[in-house]
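Some notes on the structure that comes next.
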Amino acid sequence: MTDNRSNPDPATACRAVAPAASSAAPPPVTAPPPATAPPGVTTPAATPVPAAVRFTAATPPDPLRPGEPTPTGACRPAIRRALQARPRLLLVCRASAPSDARAVDLAVAGTLAAAATLERREGIRVRHLLPHPAELTEHHRSTAAVEKVQAPDGSSLMHRWSTWSDPDQGLLVLLCTGTGTKISAGDLDQPALLRTAQVAHRYRPAVVYARSLTRIGRGYLGPLIDVLQALGRQ
């Protein structure tokens, strides 16, 4: 993520006015006897609510923003402001494997893992914007573009790219299958890294996120950093 990391307002005090005291002693108050079930009928015991799912009025759960990445209370203020100004997030998932089918499966699984990590580490929820894994897999297999370049040693490098998005929401998923370490002979850069920079330049997201920087590229991420810095100045 370009940025890999709001105290609530103080609660307003409420004051209740007590009724005036009376000189006459109030009649005693007794609790009604507990209700009993008819013979032969049993009532289930009350099930306690786990502490993990209890919410108080002071700490309500963060409501999801339809169609937008949703910051939670753990989201850093600078990132929250960036998402409010431009509610678009690019989720990058790359994988490589001996077979392309296996690489696609790994990339799709990595998308779900990245969404979970993004919420846990950075306080941004996007899982509600992702399609079903089967839909994401089919989209990649049917729309992915194939790019072949030559490596300095003369071997051929092949990558398959797809971008999934919904025009009514602020999440874009870039899936890539292919190596993230080898460079091309033409520009001496990593094809996976260059494509991520190109997609970021085109769609202008407020946040670019990958579960690990190795899912984007290896070593210096110069082309992507240049694009993000340019977007930040705009």
Side-chain angles (χ1 to χ4, degrees), residues 1-6 62-95 107-131 133 135-136 139-140 143-145 147 159-178 180 189-218 220-234:
M1 193 167 86
T2 60
D3 294 298
N4 256 347
R5 289 293 169 205
S6 96
D62 297 282
L64 294 176
R65 295 180 180 176
E68 294 183 7
T70 303
T72 69
C75 182
R76 287 180 282 168
I79 299 177
R80 182 186 295 272
R81 290 192 297 269
L83 286 172
Q84 289 173 343
R86 188 185 301 157
R88 178 173 294 171
L89 186 145
L90 173 60
L91 199 61
V92 183
C93 303
R94 184 199 58 78
V108 171
T111 303
L112 302 180
T117 305
L118 177 61
E119 181 174 353
R120 185 176 67 254
R121 291 182 180 174
E122 302 297 337
I124 304 174
R125 303 170 70 182
V126 296
R127 183 65 185 86
H128 61 295
L129 305 178
L130 283 172
E135 180 183 344
L136 199 56
H139 178 269
H140 181 80
T143 67
E147 179 183 9
H159 292 79
R160 296 180 185 273
W161 313 91
S162 71
T163 52
W164 178 91
S165 66
D166 186 315
D168 296 325
Q169 68 179 34
L171 176 66
L172 179 71
V173 178
L174 172 60
L175 287 184
C176 169
T177 55
D189 249 318
Q190 303 166 56
L193 173 60
L194 288 178
R195 178 53 62 101
T196 302
Q198 292 167 2
V199 172
H201 182 269
R202 176 180 178 183
Y203 291 96
R204 303 164 54 83
V207 174
V208 175
Y209 187 82
R211 183 166 52 95
S212 167
L213 287 180
T214 59
R215 299 302 90 198
I216 297 177
R218 306 276 181 165
Y220 180 55
L221 305 181
L224 178 59
I225 299 301
D226 291 343
V227 168
L228 297 179
Q229 288 179 341
L231 292 177
R233 291 191 294 268
Q234 295 178 1

Subject >> Rounded distance [0.5 Å steps], NE2 in H128 versus CD in E119 >> reply: 9.5 Å

Subject >> Validation row: V207, I79 side chains within 4.5 angstrom (heavy atoms) >> reply: yes

Subject >> Contacts of type side chain to side chain contact (heavy atoms under 4.5 Å, CB included), residue R160, not counting sequence neighbours >> reply: D100, H140, A144, V146, M158, T177

Original post:
How close do A192 and R94 get, heavy atom to heavy atom, and via which atoms?
Top reply: CB-CD, 3.7 Å

Original post:
In terms of side-chain heavy atoms, does Q198 have a donor or acceptor partner in R195 at a distance below 3.5 Å?
Top reply: yes

**OP:** For the residue pair R127 and L112, establish whether any side-chain heavy-atom pair is separated by less than 4.5 Å.
**Re:** yes

Original post:
Is the shortest heavy-atom distance from the side chain of W164 to the side chain of L136 under 4.5 Å?
Top reply: yes

Original post:
Can you tell if the side chain of L89 reaches within under 4.5 Å of the side chain of P205, non-hydrogen atoms only?
Top reply: no

Original post:
Please walk me through it: do V227 and V208 pass side-chain contact (heavy atoms from CB on, under 4.5 Å)?
Top reply: CA-CA 11 Å; V227 168; V208 175; over 6 Å; no

**OP:** Indicate the atoms forming the closest heavy-atom contact of L129 with P69, along with that distance.
**Re:** CD1-N, 3.7 Å

Original post:
Who are the side chain to side chain contact (heavy atoms under 4.5 Å, CB included) partners of R202, not counting sequence neighbours?
Top reply: none

Original post:
When rounded to the nearest 0.5 angstrom, what distance separates OG1 in T163 from CG in L90?
Top reply: 9.5 Å

Original post:
Do R204 and R86 touch side chain to side chain, with heavy atoms closer than 4.5 Å?
Top reply: yes

Original post:
Quick one: CG on L130 to CG on D166, what's the gap to the nearest 0.5 Å?
Top reply: 11.5 Å

**OP:** Look at atom NE2 of H139 and say whether more than 12 heavy atoms of other residues, nucleotides or ligands are closer to it than 6.0 Å.
**Re:** yes

Original post:
Are any side-chain N or O atoms of T72 and backbone N or O atoms of G123, one a donor and one an acceptor, separated by less than 3.5 Å?
Top reply: yes

Subject >> Nearest atoms (heavy-atom pairs only) where A82 meets A206 >> reply: O-CB, 3.5 Å

Subject >> Spacing of CZ belonging to R80 relative to CD1 belonging to I124, to within rounding of 0.5 Å >> reply: 9.0 Å

**OP:** Enter the distance from C176:SG to E147:CD here, rounded to the nearest 0.5 Å.
**Re:** 8.5 Å

Subject >> Nearest-0.5 Å distance that lies between atom CG in L171 and atom OH in Y209 >> reply: 13.5 Å

